[in-house]
Structure formats: C-alpha cells, structure tokens
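Please read all numbers here as calculations on a predicted model, not as lab measurements.
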Amino acid sequence: MKTNWIMLAALASAGLVGCNGSSNTAPAIPEGTTVTVALLETTDIHSNVLSYNYYALAEDTSLGLERTSTLIQAARAENPNNVLLDDGDVIQGTLLADLQAVAAPVPCSGTLAVHKAMNALKYDAGGMGNHEFNYGLPYLSQITNTDFGIPGVAKPTGTCGAPAFPSVLSNVVGVSSGKPIFQPYTLLPRDFAATAPDGSKLTVKINVGVLSFVPPQILEWDQKVLAGKVSVTGVQEAAKQYVPELRNKGADLVVALSHGGLDTSPYSPKMENGSYHLTSTGIDALMIGHSHLIFPKGKETGAAALDASFAAFPASAKIDAVNGFVNGVPTVMAQSWGRRLGIIKLTMAYQGGKWVVQPAKTTVESRGFKYTDGKTLVNADPAIAPLVATEHAATIAYAKQPLGISTDFEMSAYFALVGDVSAIQLVNQAQLDYVKNFIATSTDATLSSYKNIPVISCSAPFKAGRNGPSDFTDVAAGASPAAPVGLQVRNPGDLYLYSNNNLQAVKIKGADLKAWLETSAKQFNQIDPASSAEQDLVPSYGTIYNYDVFYAENNALTYQIDVTKKPGSRIVNLTYKGAAVADGDDFIVATNDYRAGGGGAVPGIDGSKTIIKSPDANQAVVSNYLASLSTKGGKVTLANNGSARSWSFVKTATAGPVILRSAPGHLALAQGSGITNVAAEGGLEASGFAKYRIDLSK
C-alpha cells in the first residue's frame, strides 16, 4: 500500500510539470533518495547594475550586479540543481534608477536596465521590497507589466517590458478588491538530479514554492502614493494563509523571501523586521533583506568581523549567526547593492512519500567578491555591461549636468559620526528655508498662527558607511560654476540619497525634541571610560539613516551627547539661543515623510504631529535651494554652509582606544575641517574600512 501511495505522489508530481514537456508518468522514487538544491539569493540591489558610482562618476569594484553575476555562475557550476531568487528593493537607489523613473521615464516598450540584467541572468522568481513602491503604483504596474486591479492605477495597454520571471508578493492587497496586487506565490516545477540509496542517479521532480513579504510600514513611508489604494497584512498572517495552499498544490520546498531583518521581540503584525517570526509558519528556507547586513557572517578569510550586529541577539533566540540557522530554518541575507550572493545548499531526503529537509546536511553562506582566497576580487561578468551601455551613458550625461553654482569646501560624511556637518548643514538649511517660506506664504489660518514658532531642521548622514567603505558622501570643492568640478545634478543625490522622501514638518514640544535626540544618540555604543580594551564608538552602521543631526539658523540650537551613559539618558546641555530648552517649548521641525510618519520609532513622532505635507521631494528641495543661491549670485562656502556644528560629545578621558570605522586615507580631511577629536588612523581591515581613533577628551 505504501509503494502505491508513493507511486501516486510521483505521478501527481509529474503531472504538475507536464507543460514543460516532461512525461506524464514517472518511476517511483526509492525511499531514502536524496537531492541537493542550492537556493541562490540577491537582495537590495537598488539598481546597482554595474560596478560604478554615479555620484562620484567613478568605478566602484565593491558592488554591482555584473560582479554578482560572476558569483552566480560559479555557484551554478558548483550546484547544478539551483534556483535563483531576488528579495526586492531592485528598482530604486541610484541616479540610473531616478533617470529611468523620473527624469526620462522608461516607456512601456522599454525594460528597466536592472531588469535587463536580471533577465539575462535567468532569475527564477523575485519578491518585492519597500522601495519598489517609491515611484508610485502606476510606474510599478508598468515596469512589472502587472494589472493591480486598483481603480485609478492603469497599466499601459499592451505588453510592457518587465522581468521575465514571476514577481511575487504575499502580504499586499488592493483596498477595493481585497485581492493581492501581485500573485501571492509561485510554484516552480524543476527537474533535479538525485541519488538513490544504492548510489544510482535519477531525475526527480521538485516543486519549489516561493512567497514574498514587505514591511507593513510601506503605508507610512509611501503614504502619498499608497493611501487608500493598498493594505498590508502581517508577515505571519500571510504566511499562515499561503504556506498550506502551496503544500496542497504540491510544493516540496517552500522558500520565504522576506524583505525585513531579524527582530526577536514579540510578534506584531506591524513589525518592520518580522522575518524571525516566519520560521514558525512551515517554511523550509528563509531569505531576508532590507537591513543591508550579512547573515550568516562571511566565511572568507578575515570577513567574520564584517558585521557585529548579530552579537546582540538575546540568548533565548535560537539564532546561529555562524552557520546560518534561525529556529532551525536555514536563513541567509546577502547584504546589498549586489555585493554578495546568498547560498542555501540544502539536502532533502525522500521519506514517507515526501521530501524532508536534512538540517545536518544543509549549509548556508553569504558569499562575497573575495570568497576564493579572501584577497582576489572576482571579475565583472563581461556579458552584463553591453546590455545597459545606452542607459549607463545616459546616466553619466545626466549626472554631469551643471547646477550653476560651486562650493569652496569638500562636503563629506567620513566623520559625520564625530561631528562633521559639511555634508549635512546644507540639507538642513534647504529644508529649513523651505518650511519657513511655506508658513510665511500660507493662507491657512492654522499655519499662519505658527509664524513665531522657531523652525529647526534635521537630516541624517545617509551615506556614512552603511554599505561599505565606498558608501560615503563626498562632494568635491569647485572654484567656479564653469569648472568641471562645479556642482552638478549628481551632487544633491549624494547629499540626500533618497529621491522618494518628501519634505514634511512636525510641530513638537521641547520634551519631544529631547526624546528625538535620545533616539538618534542610540547609534552610539556605551563607552566605559575605565576600560583599556578597544571600544567601537558605533556598534553597527546598519541604521545610520536614523542618526538625525539638528540645525537652527545661526547655530542657535546646540546639544551634547554623553556616550558613557545608557541609551535614553545621553543628551545634555540642550539649548536654543543660549537658554535651556524646556519641556513645554514649541518647535517646528523640517524633516522627511519617513521620519514624520513614524520611521525610526521616535517617541511621539508618528504622523499625529505633522503640520506640513509637501509635494516636493527633499532631494529636489536641496537642488532648488542651490539653484536659488545661484540665481541670487550666492556661493556655497564652508563658513556659511558647512561648519555650524550643533552637537558634540561630552568630554571624556578613556583608558583605552575608542574606534570609528570609516573610509581609509581621510585623516587630513578631518583635521582640515577642524574635527580635532580624530587622533590617528589604524590599519586597513578586511572589510575595506580603516580604524580611526577618536579622542573623546577633546
């Protein structure tokens, strides 16, 4: 009876793949047969197709899908049974993406450059990330060739250029239809080579089910384009609905593509990083993203220290950050920008009429560009660049368009975490100027009543090492607008990375401001002054976009951070115009829609205090501010636009070294900018970062 059941299962599996030309009959699979499958992951590509930095107009060999392609080819050669998947955040993130979405929108007849590359690499399926929604639903509908069934969101007629592989999203539905806007899952039937117990070889049918999840916060982050159109289900709820469906349809292996990190706190349907809680839903493998981190820790020589953030998991969490298991489920995160390839190599055994994953025979790797010997960089796949040559050239031309103004100083973020505001002050000035003008010219009675409330601004050093040693804002000085190094279209994007953020303003109290600053100060480690051991000033750069630096005109707002104190009690000497800020003082803060709507979990900043929702992007506000300076004959100078340091550390002598990781070779820049607490530069690490010693007594 057991043999007949197995035969029926095999016949059913064969029937599922009949459309691929396979026979509708298949021999029974011997009990104990094993098959090894490599699940390959990319995540958070962010339109980094080539190894090129459009903000710096220079090659960057540390990133790019053209190099990931080389890793993919090697992994496929090692593992003939393979499935290539992407975990989202594909279409946004570079000037190339902005050009194709905004400046010169790709037509329906065209295909995004990044999708051209992915199609050539023959991805098997792809999930969505939060940044897929940044450019709006009509654009996403077009470039994925998908009718969302949402009133007012019309896909162009005909067939648009799109991914040649299934696009999947399990937890977003249309409000009016109540149905998923993308297919909630896909079932991939594959013929794989297997080994029978007697050592003989045979071909078996494996049905790979793929699900995809995005953070519920997309409704906050992209409220302006999603409100009233879509709703989001918690990741656990969606998985518990669709995993059984996939199993009932014959899925032998279920893979979750979760665009979220590993938050081990109690589950909530609103969790931004709920991937940890998917391990209890019956999935076999978990591929995660969004956090731009490495999981498990890199296996190449010297790479184990690339990311220390996973050391913070509570002991009760069953997370193996060395071998890559979360509650026993093999899990991988392949960093970002194409810098790594996730590989889950799992073995399944045919037992009792079904395929069962063998954890003891499963390995997980987040493979980087130097995986062979820890030193030699993989070459770019020469087949990729010709596919996007036209788009690449157009992006460079777009990036070089002059803004008609120059700067007499270098605006950089190499030392933004120790007080340098050269790449932040101009952004804050542009935002502050916008909000003041908005209130001054408003005919709204409520806004007009706010004219005497101080306006301040905050912005974060978005490019300050989160994505490696090449990920720093660095805008060179230029002598005149006519010079080749005069400010160009590419520079506002270097100063303010996220083109999708829109400017907003919130009205808060002094108590809110203190809580906001305390939240920002969580980026720092708690330093023990008595310790003689080396201490990291910043434990992880993964959430550097939440380190808000505040600014007021004439540097009227100042504060200090005491890193010897516990998070939540670090802000001291907070003053405005020389007077201590009282809990009841009123302020209006210019910020972005991400922060105003609750992004970053600042207490009390949840959308309820928003008074201005601008239609203008923060990046455009910076560009327009520069243009206004140009038309008025103004200049961008260090004295006026890059040296107003609103914050500093409380002076503390330490027995041992305190370390900041930044790009190598910039000690002179710190000293020339007056950042006197950068004392020395240490050796180059395997990650490419250099260690700088920070003297907290200065």
Where His277 and Thr264 come nearest, the two heavy atoms and their spacing
NE2-C, 4.4 Å
Could you pull out all residues at least two apart from Val356 that satisfy side chain to side chain contact (heavy atoms under 4.5 Å, CB included)?
Gln351, Lys354, Gln358
Return each pair, listed once, that meets salt bridge (Lys or Arg N to Asp or Glu O under 4.0 Å) where at least one residue sits in residues 254-273; pairs must be two or more places apart or across chains.
none
Could you tell me whether the side chain of Arg76 reaches within less than 4.5 Å of the side chain of Leu40, counting heavy atoms only?
yes
Between Asn81 (side chain) and Ala193 (backbone), is there a donor-acceptor pair under 3.5 Å?
yes
Can you give me the closest heavy-atom contact between Pro330 and Thr362, atom names plus distance?
CB-CG2, 4.0 Å
To the nearest 0.5 Å, what is the distance between CG (Asn546) and CD1 (Ile544)?
9.0 Å
Kindly say whether Leu84 contributes a backbone atom to a donor-acceptor pair with the side chain of Asp124 at under 3.5 angstrom?
yes
Can you name the residues that form a side chain to side chain donor-acceptor pair (under 3.5 Å) with Asp60, not counting sequence neighbours?
Ser62, Ser470
Using the rule given for side chain to side chain contact (heavy atoms under 4.5 Å, CB included), can you reason through Leu293 versus Leu262, listing the C-alpha separation, both sets of side-chain angles and the distance that settles it, and then say yes or no?
CA-CA 10 Å; Leu293 301 176; Leu262 295 170; over 6 Å; no
Quick one, Val172 and Phe182 - any side-chain contact, counting heavy atoms below 4.5 Å?
no
Thr376 side chain to Lys370 side chain, donor-acceptor N/O pair below 3.5 angstrom
no
Contact between Tyr267 and Ser280 at the side-chain level, heavy atoms closer than 4.5 Å - yes or no?
no
Partner of Leu211 by side-chain contact (heavy atoms from CB on, under 4.5 Å), out of Val235, Leu169, Leu246, Leu257:
Leu246
Could I get the full list of side chain to side chain donor-acceptor pair (under 3.5 Å) partners for Asn53, not counting sequence neighbours?
none
In chain order, what residues pass the side chain to side chain donor-acceptor pair (under 3.5 Å) check against Asn134, with sequence neighbours excluded?
His131, Asp222, Asn500
For Thr395 and Tyr52, what are the C-alpha separation, side-chain angles and deciding distance, and is it a side-chain hydrogen bond (donor to acceptor under 3.5 Å, both in side chains)?
CA-CA 11 Å; Thr395 306; Tyr52 193 84; over 6 Å; no
Mark yes or no for whether Asn119, through its side chain, and Ala162, through its backbone, hold a donor-acceptor pair below 3.5 Å.
yes
Counting distance only, does the side-chain N/O of Ser212 pair as donor-acceptor with the main-chain N or O of Val168 below 3.5 Å?
yes
Between Asn79 and Asn82, is there a donor-acceptor pair closer than 3.5 Å when you use the side chain of the first and the backbone of the second?
no
Geometric class of the Phe472/Phe689 ring pair [parallel <30°, tilted 30-60°, perpendicular >60°]
perpendicular
Is there a side-chain contact between Pro296 and Val332, using heavy atoms and a 4.5 Å cut-off?
yes
N/O donor-acceptor pairs under 3.5 Å from side chains in residues 380-392, not counting sequence neighbours:
residue	atom	partner	partner atom	Å
Asp381	OD1	Ala383	N	2.9
Asp381	OD2	Ser69	OG	2.6
Glu391	OE2	Lys116	NZ	2.7
His392	ND1	Tyr54	OH	2.8

Evaluate the side chain to side chain contact (heavy atoms under 4.5 Å, CB included) criterion for residues Thr186 and Phe165: first the C-alpha distance (whole Å), next the side-chain angles of each, then the deciding distance (0.1 Å), finally the verdict.
CA-CA 10 Å; Thr186 188; Phe165 47 87; over 6 Å; no
Got a salt bridge between Arg661 and Asp536, using NZ or NE/NH1/NH2 to carboxylate O under 4.0 Å?
yes
Can you find a pair of side-chain heavy atoms, one from Lys205 and one from Arg190, that are under 4.5 Å apart?
no
Answer yes if the side chains of Asn467 and Arg339 hold a donor-acceptor pair under 3.5 Å, and no otherwise.
yes
Is a side-chain donor or acceptor of Glu132 paired with a backbone partner of Gly129 at a separation under 3.5 angstrom?
yes
Can you check side chain to side chain contact (heavy atoms under 4.5 Å, CB included) on Gln217 and Tyr594, steps first, answer last?
CA-CA 9 Å; Gln217 283 73 16; Tyr594 172 80; over 6 Å; no
Ignoring hydrogens and angles, state whether a donor on the side chain of Tyr185 or Lys249 is under 3.5 Å from an acceptor on the partner side chain.
yes
Leu140 and Ile91: side chain to side chain contact (heavy atoms under 4.5 Å, CB included), yes or no, with the steps?
CA-CA 9 Å; Leu140 183 60; Ile91 69 170; 4.3 Å; yes
The single option from Trp221, Phe462, Tyr135 passing ring pair (Phe, Tyr, Trp, His ring centres under 6.0 Å) against Tyr498
Phe462
Has the side chain of Lys122 got a donor or acceptor atom that lies under 3.5 Å from a matching backbone atom of Ala164?
no
Do Lys691 and Glu534 sit within salt-bridge range, that is, some charged N less than 4.0 Å from a carboxylate O?
yes
Any donor-acceptor N/O pair, Asn273 side chain to Gly261 backbone, under 3.5 Å:
yes
Taking the side chain as everything from C-beta on, heavy atoms only, tell me whether Ile344 gets closer than 4.5 Å to Glu41.
no
With no hydrogens and no angle check, just 3.5 Å: does a side-chain donor-acceptor pair link Gln523 and Thr543?
yes
With Asp89 as reference, evaluate His292, His290, His259 under the side chain to side chain donor-acceptor pair (under 3.5 Å) test and give the passing residue.
His259
